[in-house]
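A short worksheet on the structure shown next.
Atoms considered below: every heavy atom in the structure, side chains included; atoms not considered: hydrogens, waters and symmetry mates. The structure presented is a predicted model; accordingly, all values stated were derived computationally and were not measured. Chain A is the first sequence line, chain B the second, and so forth, proteins listed ahead of strands; every chain is numbered from 1.
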Amino acid sequence: MTRILPLLLLILTALAAAQTVEQEQQPIPAEPEIAEASAEEVLDIPPGDISPLAGVDLTAPGDITVMDHPDDSGDRLIVSFSPGSEAEYADLFAAYIIYRRPAGGSDEEWTNVGVMPVGEGTQFVDGYDPDFPVNIGESYEYRVSALYLDETEVMGEPVIAQEVASGQWFHQGKVRVLVACLIFLGLIFYFFSRARMGATMYLRPIAGIEAIDEAIGRATEMGKPILYVPGLSDISDVATIASLTILGRVARKVAEYQTSLIVPNRDPIVYTVAEEAVKQAYLEAGRPDSYDPNSVFFLTQSQFAFVAGVNGIMMREKPATNFYLGMFWAESLILAETGSLSGAIQIAGTDAVTQLPFFITTCDYTLIGEELYAASAYLSREPMQMGSIKGLDSCKAILMVFITAGALMSIMDLLAGTQTLSWLKNIVTTQIVD
Amino acid sequence: MKENIWSRMLNLDRRWIFLFIGVVCIVPFFFPFGLPVLPTAHVISIFDYVENLGPENAIFVSFDFDPGTDPENMPMAVAVTRHAFSRHIPVFFTANAPLAQGMLESGLAYITNPALEGYFHVVSWQEWAQYRDQGITERDQLEAAWEADGNVLPANSSGWVFEGRDFAKLGYLPYFSLVILGMTSSIASQYPEDMNGNPLVEMPMLQEHKSLRDVDLAATFSGTAACTWWITYGREKIGLPVAFGVTAVSATDYTIFIQSGQLIGQMGGLRGAAEYEVLLQNAGYFDKPDRAFIGMDVQNAAHLLILFFIVLGNIAYFAGGFHKKGALLKGRR
Amino acid sequence: MYETIGIWTAAIFTLAVYSFLYKENPLYRLGEHLVVGISTGYFIVVTYEQVLKPRLIDPIANDGEYILFIPALLGLLYITRFFPKIAWLSRYPMAFIMGTSMGVGFPLSMKASVLRQLEATILPLYSAGMPWQIVVGNVVLVLGTLAALIYFFFSKPHKGPFFGTGSKIGIWVIMIGFGATFGFTVMGRISLLIGRIQFLLNDWLGVIK
Amino acid sequence: MKRTVPLMIVLVGGVLMIIQYFIPHRISQDIFDNYTIWVPIIGAFALALGVGSLTRLHGHKVRNKAPNWPYSLAVLLPIYLMPIFAFFVPVSFGGGMDEPGFYHFAFMHIQVPIQSTMFSILAFYIASAAFRAFRAKSVLATILLLTAVIVMMGQVPIGELLGSWFPKLGLWIIDFPNNAAKRAIGLGVGFGILATQLKIIFGVERNWLGGAGE
């Protein structure tokens, strides 16, 4: 089964690639990036004293074709037209003005819905302007005029739009994201189900985690408490969630060893969750009566006041082991420096990349980024958590295959003059779409 | 464990170290050596980008930091805003947190403080109402009409800034990532009015730039990962060009976005701000650089001291034999 | 006058916080507590002015958008957290915010933090006219990313030529990355101090320009 | 009611918003637009949680005359005075309209300086840690410290005195090996977050439900 999986993935990826290459060939209208100038602005250009265009017979832009904009909610239309005599008088040409009215409407109903300054082509996407929305299913009439610098406006003929705006049920520019999401979902759920069926899963040892038991044992020997800081963030932070799972396991060990535990909190909700987790752990360890309700407490919400408080605890109680697991910000350095002076074993773990250097240089063990998430699975040994780690590993394996292939193809392109790298890159390139 | 010179040194009361760093950070203010700051590629790319914009474009300057990182983020935000004001580029000011809105106000107060050399003189939304009613909203015409009526620019000022024409204070909204997403279709739907309760839809710059699609740059100044919202929700959705001004601490985390092309450029920490100030000076916008540049002198001294501490600390650690297991403090591994 | 009192107050509190470096003292404690109170009070004001008034009260009162009572009621359920008997009701708004924000974030993060980053790692190692530093850099970037990914591989033991050597190189690369962060951080922290010293010496004492 | 309904809300909300991303149709857009209007309103009430917790904690201290209880007043008073002043006395007592009131004063001249100063204390701690904690105690820590020193000195003008190659080396480290490390960590963390989001949506991860009664 494990061997079929990579094969399946490859097929899926290939399918995705094929699908997306096809889709690449569809004409996607260029969306204007630069702000359009308003009509007034263009008109404000002072006219020359004697217009060089006086008496010249100018052709207006014509051949208007209106298409529904693909991949939208039905609020945009693509208006293309062919140029008139602007090319001949390119120096004097200023902008195209696009007018719209409901099909068959009166002359008063013509609305200026957009201005395209010179150089922006002859394709206009109508509907971006929130003041002049395109309504779904409504039939419109368009006309385009060419505006010259001397304020001559050459009006084109009105054309009833060939198509009406309609909404689509799937965004074709998002195929790759969808495929990636599906592969991800598939892998995670595949390993979930394997885990549930009781497959044994190997997780490599993580140094910081191996040390937890030893650290708790040491605290017991020394008769000193254990300090556990579940980070400073709120409950929606993934690091906090991982940390609370680890807290449950640590608390259980602590309960078994009959050591004391100190858990200061910064977030009021995290505090209530942590309290419940510790209580539960004591219950599971069969020692609900040794649970001390004062061991988990809410300290303060102010970041630095919190640190000052925890520092005070470290200096007074001299815990044998400090755990800093979860989300930390600037306070990491102050915590770890004080802790290292108090002589405690320090085990830290966070996904805050900016704080990791300080933990690494001042703590005994540090869980780096994803190791923190893995640690919660490793400790809980819950099949679903283990399955999710497995699933993530296979996702990383796919990325590694792509990166290796990219490197090899780049060398091959260099040696053999082929174009394989851009082909590969195309498979994973997502467009900027909304 | 025997007491020796190394252990005595390492157990030195840390207040002495605090005193050292305090002194080293104060003295250079009185004896500046003014070493040059050479602009680097990541900052030059932002400067050049803004340099190519004008009154017909518009940018967002988002104050996404709180007072904690004010000394790092504020000079960057100020430098970019002054650049935009000098070029008459309309600027939308936003903030991603309640405290950040306070920073936005304090930053604008600094840029527009009449007591300072090179400030920008604000003409509030109400003050130029009559010109608006006459239909004068175009930048140059407005300034001409305004000055024609006897308004004289003070000598120490760099120029006028008309509220609603040159800038709009949008301010803070919660769940700011969703606000960015919402602004991709319409700015006014997210912000019916500005921070002072002025109607945004009536402002000329809002009429010309109705959604983020009509905006040419979003510069976010941030001390947290919130700056990436502009990439995830702005750049990835509608291709909005984004520039970062981040604290030195997080600067190295975001260079991957420059490499991947999702970011125009980045100012990292005080140095990034100093580089921008130097670029502004070199381009002739202002006579002298601002506060960040002055701060770089102090950085020199402080960095040397920290380097000295690291080296000395490690020498003491190894020479004193503390690297052997259990030596430093009793019971410590 | 206002400005002067303001600067003096700010200066006194600045010095009060620094006095903590010598020893904790009542003035520092006062400052520490004031920050909590003032920032919360400020949040209340800004939340009312920027959210509740323009987005809830005005639309209901002026435009009759009574549907907004639903989110308002859902939001009010947060407060049940203070009443142990009905505290479970506070899970409803939490669940709404958590579920939807994670749903919104999922495809977006997939695109921005996975696919885009993968795309940026697939790059030509060499192209005509590239200086040698960049070529070496590109090789380091690609191999380094690969090695560091191996380090974060949990379901295989870090042994053997591929996983063993790979993860070892990986952790070295990671350490270099942290070193870079560390080096920048020093500047960041000093900048914060510089900002305060500039305030004290310039705005308050006026001894420097 | 107590656990199942929240889990259902998370599931439905999460799946709906994921699917919504791929559907450009009007219905899907309307759902999303309403969502962006609702969320800030709901979120605004979450502030009540913070205010409530603080009031309870400090009110308790003041009532019981706990040690250092007067400091609790320094928390409680501003919480309630700030809104009162902001809404009822927006300008200062003495001056005219130009002079902002207590609300502005408390923020600009108390909150901002204290918070900035608290952060700047880190400068002192990093110096102290440089001396006493940043040790090359292993190969890995040595690599970290060496890189740190190169990048650190490359950042300041004085580093350029060593030669123009020196800051360039620092920038090269940031642009290449640093990017490799940050990208790998970012991918790992990104995947971890994606997986956690999935686990929460599908009710595998239920930690967050805790602490609100049984």
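Only the side chain of C:Y28 comes within less than 4.5 Å of a heavy atom in chain D; its backbone stays farther off. When heavy atoms are compared at a cutoff of 4.5 Å, C:I38 approaches chain D by way of both its backbone and its side chain. Contact annotation for C:S90: only side-chain heavy atoms (C-beta onward) come within less than 4.5 Å of a heavy atom of chain D. In this structure, chain D has no heavy atom under 4.5 Å from any part of C:A147. If you measure heavy-atom distances from C:Q50 to chain D, you find no contacts under 4.5 Å at all. Using a 4.5 Å cut-off between heavy atoms, C:V139 makes no contact with chain D at all. Interface remark: C:S101 contributes backbone and side-chain atoms alike to the contact with chain D (heavy atom separation under 4.5 Å). If you measure heavy-atom distances from C:K168 to chain D, you find no contacts under 4.5 Å at all. Interface residue C:V114: backbone and side-chain heavy atoms are both found under 4.5 Å from chain D. With a threshold of 4.5 angstrom between heavy atoms, C:T47 approaches chain D through side-chain atoms but not through N, CA, C or O. Of the two parts of C:T80, neither the backbone nor the side chain holds a non-hydrogen atom closer than 4.5 Å to a non-hydrogen atom of chain D. For C:F152, the part lying near chain D is the side chain, with the backbone staying farther off; criterion is any non-hydrogen pair under 4.5 Å.
Most heavy-atom pairs under 4.5 Å with chain C, from the set D:L16, D:N178, D:I114, D:I174: that is D:I114. The most heavy-atom pairs under 4.5 Å with chain D, out of C:A148, C:G144, C:A11, C:G137, come from C:G137. The choice from C:P59, C:G103, C:A72 that makes the most heavy-atom pairs within less than 4.5 Å of chain D is C:G103. When each of D:V39, D:I84, D:I110, D:V139 is scored by its heavy-atom pairs under 4.5 Å with chain C, the top score falls to D:I110. Comparing D:G50, D:P177, D:G190 by heavy-atom pairs within less than 4.5 Å of chain C, the highest count is held by D:P177. In terms of heavy-atom pairs under 4.5 angstrom with chain D, the leader among C:L89, C:I12, C:I97, C:I67 is C:I97. Counting heavy-atom pairs closer than 4.5 Å to chain D, the top residue among C:M110, C:R81, C:K85 is C:R81. With chain D as partner, the option from C:V51, C:V35, C:V36, C:L68 having the largest number of non-hydrogen pairs under 4.5 angstrom is C:V35. With chain C as the partner, the residue from D:R56, D:M82, D:H109 showing the most heavy-atom pairs under 4.5 Å is D:H109. Looking only at heavy-atom pairs under 4.5 Å with chain D, the residue among C:F43, C:F82, C:W172, C:W8 that has the most is C:F82. Contact tally against chain C (heavy-atom pairs below 4.5 Å) for D:I173, D:T196, D:N68: the top residue is D:N68. Comparing D:G188, D:A130, D:G170, D:P40 by how many heavy-atom pairs each has under 4.5 Å with chain C, the most go to D:P40.
For D:M8, the CE atom is loosely surrounded, since the number of other residues' heavy atoms within 6.0 Å does not exceed 12.
The shortest heavy-atom contact between C:R29 and D:Y71 is CB-CE2, 3.4 Å. A pairwise comparison of heavy atoms in C:L52 and D:A44 identifies CD2-CB, 3.9 Å as the closest pair. In plain terms, the two heavy atoms of D:P113 and C:T14 that are nearest each other are CB-OG1, 3.9 Å. Heavy-atom minimum distance, D:H58 versus C:H33: CE1-CD2, 4.2 Å. Closest approach of D:P83 to C:V45, counting heavy atoms only: CA-CG2, 3.5 Å. The minimum heavy-atom distance between D:A181 and C:G177, with the atom names listed, is CB-CA, 3.9 Å.
Among the residues in residues 16-27 of chain C, those with a non-hydrogen atom closer than 4.5 angstrom to a non-hydrogen atom of chain D are C:V17, C:Y18, C:F20, C:L21, C:P26.
To the nearest 0.5 Å, atom CH2 of residue D:W38 and atom CD1 of residue C:I70 are 4.0 Å apart. One finds the CD1 atom of D:I201 at 11.0 Å from the CE atom of C:M98 (value rounded to the nearest 0.5 Å).
A ring-centre distance under 6.0 Å is found for D:F87 and C:Y48.
Remark: the D:T117 side chain and the C:R196 side chain contain an N/O donor-acceptor pair separated by less than 3.5 Å.
Annotation: side chain to side chain contact (heavy atoms under 4.5 Å, CB included) contacts of D:V204 (sequence neighbours excluded): A:F192, A:M384, D:K199.
Residue C:I176 forms a side chain to side chain contact (heavy atoms under 4.5 Å, CB included) with just one option from D:L144, D:I143, D:I150, and that option is D:I143. The one candidate from C:T145, C:I174, C:L149 that meets the side chain to side chain contact (heavy atoms under 4.5 Å, CB included) condition with D:I185 is C:I174.
You'll find the side chain of D:W172 stays beyond 4.5 Å of the side chain of C:I134, heavy atoms only.
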Checking ring pair (Phe, Tyr, Trp, His ring centres under 6.0 Å) for the pair C:Y42/D:F107: CA distance, chi angles, key distance, verdict? CA-CA 7 Å; C:Y42 186 80; D:F107 180 76; 4.0 Å; yes
